[in-house]
Every structure is written in C-alpha cells, then in structure tokens.
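Okay, structure first, notes after.
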Amino acid sequence: MSTQKPSIPKGTRDFGPEESSRRNYIMDIIKSNFKLYGFSQIETPAIENLSTLTGKYGDEGDKLLFKIINSGDYLKNVTTDDLEGGSQQMLSKISEKGLRYDLTVPFARFVVQHRNDITFPFKRFQIQPVWRADRPQKGRYREFYQCDADIVGTDSLWNEVNLTMLIQDVFRDLKYEQITIKINHRDILSKLASFVGLPGQEIPFCVAIDKLDKIGDEKVTEELIGLGADSAKIAELFEIFGKEDSSASKLEAIASILGSSRGIDELKDYFKFLKLAGGSDANVELDFSLARGLTYYTGVIFEVKANDVKIGSICGGGRYDNLTGVFGMENVSGVGISFGLDRIYDVLTEKNLFPTSVNQPVDALILHFDQESFEHGLGLLAKMRSAGITCEIYPDVIKIKKQFNYADKIGIPYTIVIGSEEIKTGKYAFKNMKSGEQQTLDINEIIQLIQND
RNA sequence: GUGGUUGUAGCUCAGUUGGUUAGAGCGCCUGAUUGUGGUUCAGGAGGUCGUCGGUUCGAGACCGAUCUUCCACCCCA
C-alpha cells in the first residue's frame, strides 16, 4: 500500500498537550461554576436518530446536520424512483442517524424519555462536542464543544437571573471581564414586527434587525421596507434602538410604543430579581435588536459578546416553552445557556489570559549522572509523590546538560540533581529553574519548599 | 450551499517577464563547557515548493482540478 498523507477533515482540529490543558482549564472553571449553581451532569450520545434532530433548527439547520449513512448495504431500499426524487427523498432511505447539532434538543429528548426518573425543576449541565456541516471560518468549526446549563420545569424569571450570574462568575474566574451580556425577549420581537407592519413575519423581521450593528440603519430599513414594513414606524423604532440609556428607561421607551406586554413585564421582573440577588447589571445590556434561536426560543434570549475580540458570540441561550412538546410532553418550560468553549479558548489566547502554570507538567524533575544516582532518585521520586508533589525523574542516563535543557523546555519549575556526593550526604542540589538559584538541601526541606510555593 | 482568498524548511516569511544547485530569521541538532538549562560563539541537519494533471526545451512561478486556510453572504458557539 502506498503511503498516504495524514490529514483530518476540514473544520476539525487535533489538540496537543498544551492546548488540551488550556481547554481543560476553561472547562474546569465552567464545570465548577455549574456545580456551584446546582446543576448535575448528564451525557448523551454523539449520534441521535435523524428524526430527533431534523425540523428542530429550521431549514438552514437541517442542511447543516451531519447525516450518517446506514451501515451495510445502504442502497438496498433505494428505488430508481427515489433516485429521481432527488437527495431529499433519498435521504430517509439511506440515513437514519445523524451527529448532534447542539445539546439542547438531545436534552429535550432526554427529559421526555426519562420523565419518570426526573424530579422537576431539573437542572442539568452537559459538556460535549457538537457537529455542524458549516463552512469553517475563524471561531467557527465543524466540530466544537458546547458547555450547556439548562433548567426545565419552572417558569420563574429567577432562573434567567441565575444564569446571568453564572455567566458573570465564569468570566470573572477566567479573568476575562470584557464581556457584554445582551438580552432581549421574543415577545418584544414579535410585537415589534407587528408594530412596523409585519405581523406574522417575525422571523424575516428579526433576521433583518439582527444585522443592524453590521450593515447599519439604512440598509436594514431598505430590507424591512422590501418586506412591506412602514418606513415611519421603522424610523420611530430605530430611534429607541439608538438610545444609550438605562435598561429601565429603555423598557419604558419600548412600552410607550408597544403598550403592555408579557415580554416587558418579564424583563422588568428579570432586572428586579437581579438587583435583589445582589447581581450586577453593569455588563448586562438590553438590546431589542438581538435575535437568537428563532426556531425554538419563546421568552428571554441571551447572547454574550467579547468586547475587544472580533469573534462571534461566546455564549448564548434563552427560554423555550415547548421544546419537549415535539417529543410528546407538553407544558414544560426550560431556560438554558451554552458556552462556546472553542471561542472562549480563542479569546483567552488572543488576550493572553492563560496562567503559565496551566502548561506546567510537573512541579519537579529529578536529574542524575549515572545508573547509581538514577536508582537512588527512584526512592526520592516516590517520597515526593507521596507528599503530593507532581514529580518525574529523567528516564535515561544521559548528559546532565540535556536533562536541564529538557526541564527548561517543558517548563518544569524545580530540578533536583543527584550525583555521588549527594548520595553520600543525603543533600541534593535543588535548583529553581526560573531564578537560577541553587541550594543544597535534604529531601524533606525540598518537599517543604515546594509545598510552600 | 454561493462568491472570493491562501498554501514554499518545525514556525514566520522572501523568491525578479518562466531559466543552473530554492533562500533568510527564529527554532532544532552538535561542539566550545566530560556536575548545570535559559545568554554568547562556531559548525550542521532539514524542502517530492499542499496534491494530481496540463502548457513549455525548461514550472515554486502560467493553466485546470482537488484539498486546506482565511474572508464575505447565509446561519451560528
């Protein structure tokens, strides 16, 4: 067989030791906050029945689903009629499974399937990869991780507030606070669509106004008029959008044109609860042009933007009142958020925010000159490890220079040198690799020094 | 899915209208230093020019296809 060039599919990546430990650093922070807020972990399969996934993300989403071709003779049920019917008709004959597209829909499936084992309100978190057959770009991959936290079986706006505070805590712990949590409400979007003269055309309306910050008022106005909207009303609306004001006054302004509305009431409750819970709204921005997850969100919607990095949203979420309905379980309201691990990684990399210790493989490396000192080192290694110090001994007998070089290269902060003199006296050359300082100490002193560091 | 863009050493990039043997910096290896890394100096290794095909006496350069990268649209973490 001829040799083949090793490669991986477009939009996928290998993660080396350094990337992996950095990804774990982020994941650990997210995970510990999920637990702090009372979420329990679940996992679902990478592959789902295609029927579970299709029709949940809109036409666009269906196109981006990775389908898995049936095993065995996958053409056995295909007729020439199917072939002529085109790819859509063929699909159901040759594929019955697909890779999950997000974690929310599999979770809804999970809730319905395990309804008898679940006590509501149910809070779950889930950290797993998802797949989309999208065309890759920066911060946009075909395989990426989502870190989801959802609460189902409760209508309270307090859950939305909880998720907001969770987001704030996660980014505080990651030492990246240049974020804006944008918030809006589907009910307001729907009423705004009617207001400008596009009743029932909420989705095209949202798609247009979502582009405001990208293409500007004029272009969006053009697009809306194209849909049949009233230009005077659009102008009126954009005036409110343009106001840089407190959330309370923004709500008042929007109420002045929409009248009373469920969305406005809920957002008022949201800000009230946030205040009562001691949360900050400093990085929470009410943005009536925010439009997310149009196919299934029904209430409050969120999106987190990195203020000083050009990348898509790094976290998003919202409330869905009837996601379990399609699986035959009515009246279960859920609200959740999803952190984009890969994008957060890209942001922290760009802002240089990973602690150096993340890449540190061990605290100390034992170096030696010959077989005898190597063997002596094995005992020390065991002692260090039982004292809880991560430690390694250089495995081969080679020049000491090489061993020092190795410790330096992979970022080990301390080295312990063993030679004939050290074996005799029981005092070892203990070197701080960063400062270059070296002192002669016995093993207990060394352990103590590292532990106090 | 539509339109564009990128690919030369481990990394970042030069490479003239198509013309001998494809370069630099950094990194890597060896030595100066047989018990000390990160500095310095000397030497060395490393490339089927993304891949396949075409034009040509001759292709890293031109043409086509394909893969990959990034960008815009669409949508989204």
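Chain letters run A, B, ... following the sequence lines, proteins first and then strands; every chain starts at 1. Because the structure is predicted, anything quoted here is derived from the model rather than measured. These values consider heavy atoms only, across backbone and side chains, with no hydrogens, waters or symmetry-generated copies.
- Between the side chain of A:R100 and the main chain of A:P129, a donor-acceptor pair closer than 3.5 Å is present.
- As rounded to the nearest Å, B:G60 and B:U51 have P atoms that lie 11 Å from one another.
- When each of A:V335, A:D187, A:I183 is paired with A:V300, the side-chain contact (heavy atoms from CB on, under 4.5 Å) condition holds for A:I183 and for no other.
- The closest side-chain heavy-atom distance from A:I314 to A:I311 is below 4.5 Å.
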Tabulate atom names and distances for all N/O pairs under 3.5 angstrom spanning the protein and nucleotides 27-29 of chain B.
| from | atom 1 | to | atom 2 | distance (Å) |
| --- | --- | --- | --- | --- |
| B:C28 | OP1 | A:K409 | NZ | 2.7 |

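- Paired regions of RNA chain B, where each region holds three or more successive Watson-Crick or G-U pairs whose two hydrogen-bonding distances fall under 3.5 Å, are B:1-4 with B:70-73, B:10-13 with B:23-26, B:28-32 with B:40-44, B:50-54 with B:62-66.
- Taking atom P on both nucleotides, B:G58 is separated from B:G18 by 16 Å, rounded to a whole Å.
- The nearest whole Å value for the distance from the CD atom in A:E421 to the P atom in B:G35 is 14 Å.
- Atoms CD1 (A:I398) and C1' (B:U34) sit 14 Å apart, rounded to a whole Å.
- Comparing B:U69 with B:C11, their C1' atoms are spaced 16 Å from each other, to the whole Å.
- For A:R292 and A:Y297, the positive end is not near the middle of the six-membered ring at less than 6.0 Å and at most 45° from its axis.
- Look at CZ on A:F430: it is 18 Å from C1' on B:G35, rounded to the nearest Å.
- For the pair A:R132 and A:F144, the cation-pi criterion (under 6.0 Å, within 45° of the ring axis) is not fulfilled.
- Among residues two or more places apart in sequence or in another chain, the side chain to side chain donor-acceptor pair (under 3.5 Å) test is passed with A:T154 by A:N159.
- There is a side-chain donor-acceptor pair under 3.5 Å between A:Q126 and A:R124.
- Side-chain contact check for A:S289 and A:D287: at least one donor-acceptor pair (N or O, by modelled atom type) lies under 3.5 Å.
- Both cation-pi conditions hold for A:K431 and A:F404: the charged atom is under 6.0 angstrom from the six-membered ring centre and inside a 45 degree cone around its axis.
- In this view, A:Y406 satisfies the side chain to side chain donor-acceptor pair (under 3.5 Å) rule with no residue, not counting sequence neighbours.
- Remark: the A:Y270 side chain and the A:D281 side chain contain no N/O donor-acceptor pair separated by less than 3.5 Å.
- As rounded to the nearest Å, B:U40 and B:G25 have P atoms that lie 14 Å from one another.
- For A:K67 against A:S95, the heavy-atom pair with the smallest separation is CB-OG, 3.6 Å.
- Taking atom CE on A:M433 and atom C1' on B:U36, their separation rounds to 8 Å, with Å as the unit.
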Q.
Base contacts versus sugar-phosphate-only contacts with protein, heavy atoms under 4.0 Å: please encode nucleotides 68-77 of chain B as B, S and - from 5' to 3'.
A. SSSBBSBBBB

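- Aromatic rings from A:F122 and A:F39 are positioned such that their centres are separated by 6.0 Å or more.
- Nucleotides B:G50 and B:C41 have their P atoms positioned 34 Å apart, rounded to a whole Å.
- Between A:K401 atom NZ and B:U39 atom P the separation is 11 Å, expressed in whole Å.
- In the interface, the side chain of A:D408 is not paired with the base of B:G38 through any donor and acceptor atom under 3.5 Å apart.
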**Q.** Step-by-step ring pair (Phe, Tyr, Trp, His ring centres under 6.0 Å) determination, A:F15 to A:Y345
**A.** CA-CA 12 Å; A:F15 300 115; A:Y345 179 94; 7.3 Å; no

Q.
Quick one, A:H376 with A:Y428, criterion ring pair (Phe, Tyr, Trp, His ring centres under 6.0 Å). Give me CA distance, side-chain angles, the key distance, then yes/no.
A. CA-CA 11 Å; A:H376 183 89; A:Y428 309 95; 5.7 Å; yes

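- Residue order along RNA chain B, read from the 5' end via each residue's closest nucleotide, puts A:K63 first among A:F404 and A:K63.
- The stretch residues 360-379 of chain A touches RNA chain B through A:F369, each having a heavy atom within less than 4.0 Å of the strand.
- For a distance-only test at 3.5 Å, the side chain of A:Q403 fails to qualify as a donor-acceptor partner of the base of B:U36.
- Atoms CD1 (A:I418) and P (B:U36) sit 17 Å apart, rounded to a whole Å.
- Separating the C1' atom of B:U48 from that of B:U12 is a span of 23 Å, rounded to the nearest Å.
- With C1' as the reference atom, B:G27 and B:U17 are 36 Å apart, rounded to whole Å.
- Per the geometry, CD1 belonging to A:I412 stands 15 Å off P belonging to B:G38, to the nearest Å.
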